[in-house]
Amino acid sequence: MKFFKNKIFLTILTGIFLLFSLQFYFISNSFKRDTNSYVMLVDGSATLATSWEKKILQLNKKEKIIDGDVINTLSKSLAVIEWWDKSITRLWENTRVVIKENFVSEDLSKMNISFELLKWKTWSNVISIFSWDSYFKQEVKWVSAAVRGTVFEANYDNEYMLVHKHALKLTNSAWETKEIVPGQAFSLKTFSIEDIKEILDDTFQKINKQLDDEYMKQLRENFLISLQETNPLNIIEKLSTENKALRILLDENPKQNFDTFLWSLDDENKKKVLWYLNTLWQSVNFENGENSTLYNLKLNTRENLVENSTDEQYKETLVRYTMYDLADLLHFENFDTDMLQDTLGFLNTNKEYVNNESSYTKAISDILLLNGENINLESLKQKISDIDTLWQDIINSSLDKALDFLNK
């Protein structure tokens, strides 16, 4: 009888050990990421030169790239670099780039990408948020461009950069800095904003914007599938604090529930959840408002990170990127008024973290009266009249939509 009882005890003990082992396995795998970057030939011909060989890229086959690699496309060709954070850079025909830095931590807390354009042109869509010592930089003719969640093109032969979304900070060899925003073409030769419409390639822009739309759709579908995935041991997944946090954040208004959940945890699990949130907001940062579930998840995650962080620079970064989100929302033909209201609410609650050193964020904050004034139709009209002509042209369509929203 004693042997029988011991056997039962050992069976139960083994089952408990298996349960926690599986839980650890699922938690660990939820954070595991492929931190490599790849290049893939989409059309035509291209080569990849490493420190020990030069290979011809095969169509639709990914090739791992590392520091020092040189990618070269030939005539009538297109290649795409998929960086480890899911940002992408497209290399047009007869284009050459060299990879200088290519690092990402598994939790996405630190990311360093740097590459140089040596010939013709590229298009980049950067979806991550960069703060502290993280960065995404492209060099062209001794000018370094640091991005801020940006879509931009760079042209070596015609010596310009053009921003299509958000902002780009440029630094030359003399350490002069300039910021360019959507609608501004920047001459690398004179290091100034110039009217160079005659050399811009409208077809290049149109094709890349279509490809960007398709890519964002693909990212969105993949992320939604990951949220819905189940397995025979799904009950074990639900036991983890990270999954509980995710389920709460997927609610439309999770603030009180998340606060209650977070403060019920011990210090170790609390740190684990906040670490998970930091990875989560990077993973879903690509969402621009086309899917309300993912956009609310992103906003809810940022709200809780701001409230549970003591790092002022970190909070400022979160708020700045939310201002970019707001600009994106206002560009939709039919934007979701609930998402707009939630975004405005978050920004007004955290308006002390709005950094007006950037002309881009200053323009948005002035328009939305994040300086403490009441948002109403008349005060908004006055603010619009105070903005210079350049900004009126850049964000005119967004303002019309904001006025319509406030006038309802």
With distance as the sole test, does Asn158 use its side chain to make a donor-acceptor pair with the main-chain N or O of Tyr160 at under 3.5 Å?
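Pair absent, no side-chain N/O of Asn158 close to backbone of Tyr160.
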If we ignore angles and hydrogens, is there a donor and acceptor under 3.5 Å between the side chains of [X] and [Y]?
{"X": "Asp212", "Y": "Asn125", "result": "yes"}
{"X": "Asn291", "Y": "Arg220", "result": "no"}
{"X": "Asp311", "Y": "Gln313", "result": "no"}

Can you check whether Phe191 and Phe186 have ring centres sitting under 6.0 Å from each other?
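Aromatic pair counts; centres sit under 6.0 Å.
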The single option from Phe103, Phe136, Trp84 passing side chain to side chain contact (heavy atoms under 4.5 Å, CB included) against Met111
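Checked Phe103, Phe136, Trp84 against Met111; only one passes side chain to side chain contact (heavy atoms under 4.5 Å, CB included): Trp84.
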Does the cation-pi check pass for [X] over [Y], that is, NZ or CZ under 6.0 Å from the six-membered ring centre and within 45° of its axis?
{"X": "Lys141", "Y": "Tyr156", "value": "yes"}
{"X": "Lys62", "Y": "Tyr38", "value": "yes"}
{"X": "Lys298", "Y": "Tyr295", "value": "no"}

Does a side-chain N-to-carboxylate-O contact under 4.0 Å join [X] and [Y]?
{"X": "Glu194", "Y": "Lys189", "answer": "no"}
{"X": "Lys86", "Y": "Glu82", "answer": "yes"}
{"X": "Lys64", "Y": "Asp69", "answer": "no"}

How far apart are the closest heavy atoms of Ser128 and Asn285, and which atoms are they?
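The pair with the smallest heavy-atom distance is C-ND2, 3.8 Å.
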Is there side-chain contact between Leu280 and Tyr276, with at least one heavy-atom pair below 4.5 Å?
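Yes, close enough: below the 4.5 Å cut-off.
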Evaluate side chain to side chain contact (heavy atoms under 4.5 Å, CB included) for Thr122 paired with Val97, printing each intermediate quantity in order.
CA-CA 9 Å; Thr122 58; Val97 302; 4.0 Å; yes
